[in-house]
Amino acid sequence: MTSEPVVVAEGLSKRFGSLRAVDDLSFRLDAGTITAFLGPNGAGKTTTLRMLLGLARPTSGRALVLGRRYAELAEPALRVGAVLEATDFHPGRKGRDHLRGLAYAVGLPARRADEVLELVDLSRAAGRRVKTYSLGMRQRLGLAAALLGDPELLILDEPANGLDPEGVRWLLDFLRGFAARGNTVFVSSHVLAEVAQTVDRVLIIDRGRMVVESSLAELTARISGGVRVRSPQAEQLAARLAAPGVEVDRDGATLIVRGAPAERIGETAAAAGVVLHELSPAAGSLEDVFLELTGGSGPR
C-alpha cells in the first residue's frame with residue numbers, strides 16, 4: 001500500500017454565480033480505505049465529485065487524483081472508475097453490448113464485459129435491453145462499467161439508490177473486498193445507515209462546508225444515539241442496567257441505552273443470563289447527526 005494519498009482536495013471551492021456550492025473543502029483519502037461522503041441532498045457532494053473527475057472546474061483550490069489532476073492522468077479510465085448517475089444508458093441497448101462498447105473505447109477486450117457482469121451478479125440479465133432493467137439493476141450496470149479497467153479508485157455517487165436491502169448488503173460486501181485488495185473507495189450518500197457498517201472514514205458536509213471529518217468509530221462516539229438492544233428479556237435487562245448516568249428507553253423487546261458502552265451491556269446481559277437478539281449502535285438518521293454536530297443546523 002502506497003504512503004501517498006490517493007485523493008487530495010486542498011481548499012476546494014465552486015461557485016455558480018452567487019451560490020457557493022462547495023466552500024473551501026480539504027481532505028485526503030488513503031489507499032485501501034472506504035470513505036463515506038455524507039450530506040443532505042444539495043450539500044455539494046456531487047459537485048465535489050465532479051471536480052475530482054475533471055467534469056467541473058474549481059473556482060479555487062485544487063483536486064488531485066493519484067497524484068495528478070484527473071485530466072493529466074495517463075489512461076484515466078483504466079485507473080479510476082466512477083458512477084455519478086445510473087441513467088447514462090441507451091435504453092434500447094443490451095447490457096452486455098453497452099459494456100462492450102465502453103471496453104472497446106478504452107482499448108479493452110470484449111470479454112472484459114462478461115467478467116465485470118459476473119462481478120456485479122448481472123450475467124443473467126446481460127442479454128436484456130437496459131430499458132427493462134430496474135433502478136437497482138442499472139446501478140449494478142453502472143458499477144460494472146466503472147470496473148472495466150480494474151481501477152485503483154472507485155468514486156460512487158449514491159450507489160445504493162434503488163437497491164433492496166439484499167442489494168445494499170451485496171454492494172457493501174463488494175466494496176469491502178475491493179478495498180481489502182489495496183484499492184480505494186469514495187462513496188457519497190445522504191443516508192448514514194447505508195454505509196455505516198462498511199466505511200473506515202466519514203466526511204460530512206452541509207451547504208458546501210465540512211462539518212466533520214473523522215473515523216467511523218470517532219463519529220459514532222460523538223453521536224448520542226446510544227446502543228440498540230433487542231431481547232425477549234428486555235425488562236429484566238433494563239432493571240440490571242439501571243445506574244447513575246445510564247438512561248434506558250424501552251419499547252417492547254427493544255431498549256435504547258445511553259451512557260453505557262456496548263461491551264458493558266453485553267457483559268451485564270451475560271452475567272444475568274439474558275438472551276440478546278441484537279446489540280448494535282443506535283445510529284440516528286443523518287438529520288440526527290447534523291443536529292448533534294452542528295448544534296441544530298439540520299439538513300435543508
Check: When you look at Leu171 and Leu143, which way does the side-chain contact (heavy atoms from CB on, under 4.5 Å) test go after all the steps?
Finding: CA-CA 10 Å; Leu171 173 67; Leu143 179 59; 4.0 Å; yes
Notebook entry, point to check: Is Thr184 close to Asp30 at the side-chain level, that is, under 4.5 Å between some pair of heavy atoms?
Noted result: no
Check: Does any pair with a residue in residues 153-165 pass side-chain hydrogen bond (donor to acceptor under 3.5 Å, both in side chains), and if so which ones, sequence neighbours excluded?
Finding: Thr46-Asp157, Asp157-Ser188, Glu158-His190
Notebook entry, point to check: Rounded to the nearest 0.5 Å, how far apart are CZ of Arg138 and NZ of Lys131?
Noted result: 10.5 Å
Item checked: Gly11 to Ser26 - nearest heavy-atom pair and separation -> N-OG, 2.8 Å
For residues 267-278, tabulate all N or O donor-acceptor pairs below 3.5 Å that involve a side-chain atom, not counting sequence neighbours.
unit_1 : atom_1 : unit_2 : atom_2 : d
Thr268 : OG1    : Arg264 : O      : 2.8
Glu278 : OE1    : Arg228 : NE     : 3.2
Glu278 : OE1    : Arg230 : NE     : 2.8
Glu278 : OE2    : Arg228 : NE     : 3.2
Glu278 : OE2    : Ser280 : OG     : 2.8

Next item on the list: Mind listing the closest non-hydrogen atom pair of Leu73 and Pro76 along with its distance?
Entry: O-CD, 3.4 Å
Margin query: Checking Ala110 now: which residues fulfil side-chain contact (heavy atoms from CB on, under 4.5 Å) with it, not counting sequence neighbours?
Written below: Arg100
Notebook entry, point to check: With Thr59, which residues qualify under side-chain contact (heavy atoms from CB on, under 4.5 Å), at least two apart?
Noted result: Lys14, Arg15
Margin query: Looking at every non-hydrogen atom in both residues, tell me the closest pair between Leu156 and Leu49 and how far apart they are.
Written below: O-CD1, 4.2 Å
Note to self: Please find the pair of heavy atoms, one from Met137 and one from Leu122, that lie closest to each other, and give the distance.
What the structure shows: O-CD2, 3.9 Å
Notebook entry, point to check: Would Asp24 and Arg209 pass as an ion pair if we require N to O under 4.0 Å?
Noted result: no
Check: Please, which pairs that meet salt bridge (charged side-chain N to carboxylate O under 4.0 Å, His left out) have at least one residue in residues 51-70, sequence neighbours excluded?
Finding: Glu10-Arg62
Checklist line | Separation of Asp97 CG from Arg129 CZ (nearest 0.5 Å) | finding: 8.5 Å
Checklist line | Pairwise ring-ring contact (aromatic ring centres under 6.0 Å, His included) hits with a residue in residues 140-170, at least two apart | finding: Trp170-Phe174
Item checked: Lys/Arg N to Asp/Glu carboxylate O, Arg20 vs Asp23, below 4.0 Å -> yes
Next item on the list: Among residues two or more places apart or on two chains, list those pairs meeting ring-ring contact (aromatic ring centres under 6.0 Å, His included) that have a residue in residues 3-31.
Entry: Phe27-Phe186
Item checked: Gap between atom CG of Asp200 and atom OG of Ser215 - 0.5 Å precision -> 9.0 Å
Next item on the list: Supply the atom-to-atom distance Thr35 OG1 to Glu213 CD, rounded to the nearest 0.5 angstrom.
Entry: 8.5 Å
Next item on the list: Answer whether the closest heavy-atom distance between the side chains of Ile205 and Lys45 falls below 4.5 Å.
Entry: yes
Notebook entry, point to check: Under 4.5 Å between any side-chain heavy atoms of Asp150 and Leu78, yes or no?
Noted result: no
Item checked: Arg50 vs Leu84 side-chain heavy atoms within contact, under 4.5 Å -> yes
Note to self: I need the minimum non-hydrogen distance between Pro151 and Asn183, along with the two atoms involved.
What the structure shows: O-OD1, 3.6 Å
Check: Can you list every ring-ring contact (aromatic ring centres under 6.0 Å, His included) pair that touches residues 94-144, not counting sequence neighbours?
Finding: Phe89-His98
Check: Side chains of Arg79 and Leu153: does their closest heavy-atom pair fall under 4.5 Å?
Finding: no
Note to self: Tell me whether the count of non-hydrogen atoms from other residues, nucleotides or ligands lying under 6.0 Å of CZ in Arg176 goes above 12.
What the structure shows: yes
Next item on the list: Return yes when atom CD of Glu235 has more than 12 non-hydrogen atoms of other residues, nucleotides or ligands closer than 6.0 Å, and no otherwise.
Entry: no
Checklist line | Side chain to side chain, Leu141 and Val130, heavy atoms closer than 4.5 Å | finding: yes
Note to self: So, taking the atom named CZ in Arg201 and the one named CZ in Phe37, what distance separates them when rounded to the nearest 0.5 Å?
What the structure shows: 13.5 Å
Next item on the list: Just jot down the salt bridge (Lys or Arg N to Asp or Glu O under 4.0 Å) partners of Arg128, sequence neighbours excluded, or say none.
Entry: none
Check: Got Leu154 and Val83 here, is their nearest side-chain heavy-atom distance under 4.5 Å?
Finding: no
Checklist line | Intermediate values then yes/no, side-chain contact (heavy atoms from CB on, under 4.5 Å), Val187 and Ile34 | finding: CA-CA 8 Å; Val187 53; Ile34 301 177; 4.2 Å; yes
Margin query: Would you say that Leu148 contacts Val106 through its side chain, given a criterion of any heavy-atom pair below 4.5 Å between the two side chains?
Written below: no
Next item on the list: Just jot down the salt bridge (Lys or Arg N to Asp or Glu O under 4.0 Å) partners of Asp173, sequence neighbours excluded, or say none.
Entry: Arg169
Next item on the list: Please go through Val8's hydrophobic cluster and name the other residues, only I, L, V, M, F, W, Y counting, with side-chain heavy atoms under 4.5 Å joining them.
Entry: Leu64
Could you pull out every donor-acceptor pair under 3.5 Å between side chains of residues 237-256 and any protein atom, sequence neighbours left out?
unit_1 : atom_1 : unit_2 : atom_2 : d
Asp249 : OD2    : Arg258 : NH1    : 3.0
Arg250 : NE     : Gly252 : O      : 3.0

Next item on the list: Search all heavy atoms of Met210 against all heavy atoms of Leu25 and return the closest pair with its distance.
Entry: N-CD2, 3.5 Å
